[in-house]
Asker: 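Below you'll find the structure I mean.
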Amino acid sequence: MLQPVAVGHKTLADYASIVGRTLVEEIRELAEPLRGKRILHLSATAFGGGVSEILYTMVPLMKDVGLDVEWHVIYGREEFFNATKVMHNALQGNPQDLTEDQWESWRRYNEMNARELSRGWDVAIAHDPQPAAMHTLAPEKARHWIWRCHIDLSTPNPQTIERLLPYIQTYPDSVFHMQQYVPPGMEGRIHIVPPAIDPLAPKNMAFSPEDSVYIAEQFGIDVDRPLLCQVSRFDPWKDPLGVIDAYRIVKESVPDVQLALVGSMATDDPEGWDFFNATVAHANGDPDIHILNNFNNVGAIEVNAFQSHADVLIQKSTREGFGLTVSEAIWKARPFIGGDVGGIPLQVHDGVTGYLVSSVEECAARAQAILQDPGLGRRLGLAGKEHIRKHFLMPRLLRDWLRIMSDLKG
Ligand code: UDP
């Protein structure tokens, strides 16, 4: 029922030249007393989205420093995932709550998984709301329980958070990206730890300019003309329509500019496809707007190539839990413009490591300024990359997890 996920092998030592020896040594010291501890990560999926992105690196690195770690994906069928999708949106502010049947289904699948869960874990970490009831339903299966929240709970649908709260508030420890995401009523210890990216994953590893040009060209990009690019799911909160509007303003003064909107799609997400189609309609056949998704063979390497090649990277979200795509973009040392919301300001110091914007017009003005002054773009890009190197790479996140585990009570 619960599926163990096979993760590859990663070595912390490989990261030393990027994040520095001091951090790597601190990690080794913290890990020593935790050697052999049995750690379980529980999540809803091993494919797509920020949580799996992080676990594919975090789990191998935790193993590499001596912990005995497994990652299990909970069992669920369509009705469960329909319910958790509604829950996810409602918790981030959508007015639609789950129906009684959907709440029932969420609880029933949690009960099934809780029954199946094996015993003897030192620490079980439940990621996001999908498996959040597991602690209440089977507390005896692990010595310590931690709830890791990856979403923005600052303005949830009141009915939804009220129903969920009894299941999450009793976790002895919980971890949030930002203080403002912690819902009132949490009873245990709260840890504030933002996520991080893997600089050595195919999506983020260093490409030569020739490599990215070669790949971008295969997708119809004219590599001799300026390119704006946003990578994100096709979702209204990511505002791809606003990005198209900003591109049109830029085009008035930079006629040869192009735009690439790159996003991954799930086959089972009809809303995503509706919004994808709305984005295509908004582009209105403009040959300089390239709308690409994983069904056109765009995977991690291609995302890397687009980001490494683009002249301006954009994440014009109007709502954003953290935005891994922001750190991924800035890590390519390209100038970045992002919406001034959620976790984006953590990753961008306005005017120094990129720009924060709150409207289409502002986004367009910043993009124009960067395109007209390549020196400005270079300065922002390099300062941005340095900020990400210090704060948003995976070894820092590993250290924060080890600190939390070292301090668990009992
Ligand atoms: N992603 C991807 N291909 C795409 C779009 C997104 O691989 O076409 C990845 C992206 O690189 C990031 C994750 O999916 O690692 C999305 O995480 P983020 O926090 O940016 O946003 P979310 O989708 O979780 O709201």
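Note: hydrogens, waters and symmetry copies are ignored here, and every other heavy atom, side chains too, is used. Whatever order the structure lists them in is the order used to number ligands and atoms, beginning at 1.
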Asker: Can a non-hydrogen atom of A300 be found less than 4.0 Å from any atom of ligand 1?
Answerer: no

Asker: Polar-atom distance check: L324 versus ligand 1, any N or O pair below 3.5 Å?
Answerer: yes

Asker: Side chains of N204 and K332: is there a donor and an acceptor less than 3.5 Å apart?
Answerer: yes

Asker: Please state which protein non-hydrogen atom is closest to atom 21 (O) of ligand 1 and give its distance, to 0.1 Å?
Answerer: K238 NZ, 3.2 Å

Asker: Using a 4.0 Å cut-off to any heavy atom of G323, which atoms of ligand 1 qualify?
Answerer: 19 (O), 20 (O)

Asker: Heavy atoms only: give me the nearest R148-P195 pair and the separation to one decimal.
Answerer: NH2-N, 4.1 Å

Asker: Note the single closest protein heavy atom to atom 6 (C) of ligand 1, along with its residue, its atom name and the distance in Å.
Answerer: S264 OG, 3.9 Å

Asker: Over all heavy atoms of both residues, which pair between G339 and L356 is shortest? Give the atoms and the distance, please.
Answerer: O-CD2, 4.1 Å

Asker: What protein heavy atom sits nearest atom 15 (O) of ligand 1, and how far off is it?
Answerer: E328 OE2, 2.6 Å

Asker: Using a 4.0 Å cut-off to any heavy atom of E53, which atoms of ligand 1 qualify?
Answerer: 15 (O)

Asker: Do K141 and W121 form a cation-pi contact, if we require the NZ or CZ to be under 6.0 Å from the six-membered ring centre and within 45 degrees of the ring's axis?
Answerer: no

Asker: If you have a sec, work out which protein heavy atom is nearest atom 16 (C) of ligand 1 and how many Å separate them, to one decimal?
Answerer: G50 N, 4.3 Å

Asker: Salt-bridged, R396 to D400, with N to O below 4.0 Å?
Answerer: yes

Asker: Decide, yes or no, whether a salt bridge links E26 with R21 under the criterion of side-chain N to carboxylate O below 4.0 Å.
Answerer: no

Asker: On a heavy-atom basis, I'd like to know which of H150, K203, Q230, R233 is closest to atom 1 (N) of ligand 1.
Answerer: K203

Asker: Is the closest heavy-atom distance from Q315 to ligand 1 below 4.0 Å?
Answerer: no

Asker: Would you check whether S232 has a nitrogen or oxygen atom less than 3.5 angstrom from a nitrogen or oxygen atom of ligand 1?
Answerer: no

Asker: Taking all atoms of both residues into account, what is the closest heavy-atom pair of F336 and Q315, and its distance?
Answerer: CZ-CB, 3.6 Å

Asker: Apply the ring pair (Phe, Tyr, Trp, His ring centres under 6.0 Å) test between F295 and each candidate in W273, F276, F234; give the one that qualifies.
Answerer: W273

